[in-house]
Number of protein chains: 2
Amino acid sequence: MGLDKKISVAVIKRLPRYYRYLSDLLKLGITRISSKELSIRMGITASQIRQDLNCFGGFGQQGYGYNVEHLYNEIGNILGVNNKFSFIIIGAGNMGQALANYANFEKRGFIFTGIFDVNPDLIGKKINNREVMDMSNLDEFVKNNKIDIAMLCVPYDQTPIVADKVARLGIKGLWNFSPMDLKLPYDVVIENVHLSDSLMVLGYKLTQKLKNSQ
Amino acid sequence: MGLDKKISVAVIKRLPRYYRYLSDLLKLGITRISSKELSIRMGITASQIRQDLNCFGGFGQQGYGYNVEHLYNEIGNILGVNNKFSFIIIGAGNMGQALANYANFEKRGFIFTGIFDVNPDLIGKKINNREVMDMSNLDEFVKNNKIDIAMLCVPYDQTPIVADKVARLGIKGLWNFSPMDLKLPYDVVIENVHLSDSLMVLGYKLTQKLKNSQ
DNA sequence: TAGATTGTTAATCGATTAACAATC
DNA sequence: TAGATTGTTAATCGATTAACAATC
C-alpha cells in the first residue's frame with residue numbers, strides 16, 4: 001500500500017506513448033520488438049525504454065526482446081485501461097460535445113456516462129446516444145451512478161464553482177479544460193489540458209523560427 | 001541569429017503559466033510582485049522564477065521585485081503575442097468548431113482566418129462569423145492569404161495526409177489533435193495535443209489512488 | 001553454443017534549488 | 001541609510017544515457 005518506489009511523472013507521461021506505438025505494432029502484425037528497434041521508431045534511446053519499463057517489472061527476455069502483445073497488455077494494465085472508469089462531461093458546448101463523441105476514450109477504457117449543461121437549448125439534445133441533462137440533476141445522478149471522472153468544459157468563471165461542486169459529490173478525477181490551475185481542498189486527482197498554453201508554446205517556437213531565418 | 005544560448009523546453013512551457021498568473025495579478029490591480037510572493041501563488045520556488053526570467057533578461061529590480069505590467073508585456077513579447085499569427089482549422093467537426101469559437105486564442109494574438117471540411121453538410125455553415133470552406137479550395141486560399149498555423153482536427157487516418165498537404169503549402173506551424181506523432185520531412189514546427197494521453201495519465205493516477213486507499 | 005538483448009549499475013548530463021554579493 | 005530582493009554562481013538533485021554482466 002503506497003510503499004512502491006516513487007515513479008517519476010516523466011516516466012508516467014511516456015506510458016501512453018509506448019501504448020500507442022505498441023498498438024500500431026500489433027496492427028502491423030509484428031509480434032516481437034527489441035528496445036533498440038522501438039527506440040528508432042519512437043526517436044528516444046533504447047536505454048530509456050528499458051529503464052522506463054523496468055520501473056514496473058521485467059517484461060522482456062534477454063536475447064529476444066519484448067513480446068509486443070504481452071507488453072501492450074502490461075502497459076494497459078499499468079495505465080488502468082481495464083478499470084472501466086466512468087466519466088461525465090460538464091458543459092455541452094462544442095468542446096463537451098467533441099469529447100462526448102471521441103471514440104478513442106471508450107477504446108482506452110473510459111465510459112461515457114452522462115453530459116450536463118444549464119442551457120435550455122442544449123438540455124434534452126442527444127449527443128452520442130445520451131440526452132444532455134440539466135445541471136440541477138447532477139447531484140441525484142452522481143448519487144445513483146458510480147462516476148469516476150468529471151470533464152470540465154464550462155466557461156472560465158464557472159470552472160472553480162463546478163469543480164468544487166463535483167469534488168464535494170465525491171468524484172475523484174477531474175479533467176480540466178479551463179486555462180486556470182485548479183486547487184481544491186479535497187483529495188482529488190486533477191489533470192489539466194491548457195490548450196492556450198500549448199498554442200502559445202507553438203507561437204514561441206514559430207517566433208524563434210522567424211528570427212533565425214532572417 | 002540563432003546564437004542565443006539554448007533555452008530548455010521546460011522553461012518555455014512555464015512561460016504561458018507565468019503569463020496567466022501575471023494577467024490575473026493585473027486584473028486584481030496588483031502593480032508589483034516579488035519572486036517570493038509569486039512563487040507562493042504558483043506553488044513553485046522563487047529561485048526557479050528568477051532563473052527562468054533571467055534566461056530572457058533582467059526584468060526585475062533589486063529591493064523592489066517585478067513590475068507586474070512590465071513583466072506581463074515582456075513575457076507576452078517573448079511568447080510572440082504581438083505577432084498576430086493567423087490560423088486556419090482543418091476539420092469542422094465538434095473539435096474544430098470548439099477551437100474556432102475559443103475566444104482565448106484571439107486574446108493571445110492568434111487570428112482565426114478560415115475553417116475547412118470535406119463534408120457537404122458542414123460546408124457553408126457559419127462558425128464564428130466564417131463559412132466553412134471546401135477542402136478543395138484550401139490551396140487557393142493559402143496562396144492568397146498569409147497563414148501561419150494550421151490546426152488539424154481531422155479523423156485519425158486523414159491526419160498524415162492533411163499534415164503533408166498543409167506543410168507543402170508552406171504553412172510553418174501545425175497544431176495536431178490526432179493521437180499520433182507527426183513526422184514531416186519539412187521545416188515545420190509541430191505541437192501535439194494528445195488528449196487521450198492526458199486522460200490516460202489521469203487514469204493512471206486514479207488507479208494508484210484506488211490501490212493506496214484499499 | 002554463439003549471438004542478441006535484457007535488466008541493472010554506474011556515469012553523465014541537465015534542471016532545480018540554495019546561497020549570497022550586488023544594488024535598488 | 002537599512003531592508004528587501006534581484007541576478008547569478010555554486011551545490012544539489014533527479015533524469016537520461018552508457019556500459020556490461022547475466023542469460024535467453
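Order of the sequence lines sets the chain letters (A, B, ...), proteins ahead of strands, with each chain counted from 1. Atoms considered below: every heavy atom in the structure, side chains included; atoms not considered: hydrogens, waters and symmetry mates.
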Worksheet item: Between atom CZ of A:Phe116 and atom CE of A:Met133, what is the distance when rounded to the nearest 0.5 Å?
Response: 3.5 Å
Worksheet item: Would you write out the dot-bracket form of DNA chain D, 5' to 3', with Watson-Crick and G-U pairs under 3.5 Å, [ ] for crossing pairs, | for pairs to other strands and . for unpaired bases?
Response: ..||||||||||||||||||||||
Discussion item. Check this for me: does any side-chain nitrogen of one of B:Asp181 and A:Arg17 sit under 4.0 Å from a carboxylate oxygen of the other?
Written reply: yes
Discussion item. Nearest heavy atom decides the nucleotide; on that basis, is A:Arg50 or A:Gln62 closer to the 5' end of DNA chain D?
Written reply: A:Arg50
Worksheet item: So what does B:Ser8 hit on the nucleic acid, given a heavy-atom distance under 4.0 Å: a base, only sugar-phosphate, or nothing?
Response: sugar-phosphate
Worksheet entry | Basic-acidic side-chain contact under 4.0 Å: A:Asp148, A:Lys84 | no
Discussion item. Please determine whether a side-chain nitrogen of the Lys or Arg among B:Asp139 and B:Lys165 lies less than 4.0 Å from a carboxylate oxygen of the Asp or Glu.
Written reply: yes
Discussion item. I'd like to know if the side chain of B:Asn128 pairs up with that of B:Asn101 as donor and acceptor (distance under 3.5 Å, no hydrogens or angles considered).
Written reply: no
Discussion item. I'd like to know if B:Asp164 and B:Arg168 make a salt bridge, using a cut-off of under 4.0 Å between side-chain N and carboxylate O.
Written reply: yes
Which donor-acceptor pairs under 3.5 Å do the side chains of residues 151-160 of chain B make with protein atoms, sequence neighbours left out?
unit_1: B:Thr159; atom_1: OG1; unit_2: B:Pro155; atom_2: O; d: 3.1
unit_1: B:Thr159; atom_1: OG1; unit_2: B:Tyr156; atom_2: O; d: 3.2
unit_1: B:Thr159; atom_1: OG1; unit_2: B:Ser178; atom_2: OG; d: 2.5

Worksheet item: So does A:Lys172 pair up with A:Asp187, basic N to acidic O under 4.0 Å?
Response: no
Item to complete: Could you tell me from which nucleotide to which nucleotide of DNA chain C, 5' to 3', there is an atom under 4.0 Å from chain B heavy atoms?
Response: C:dA15 to C:dC24
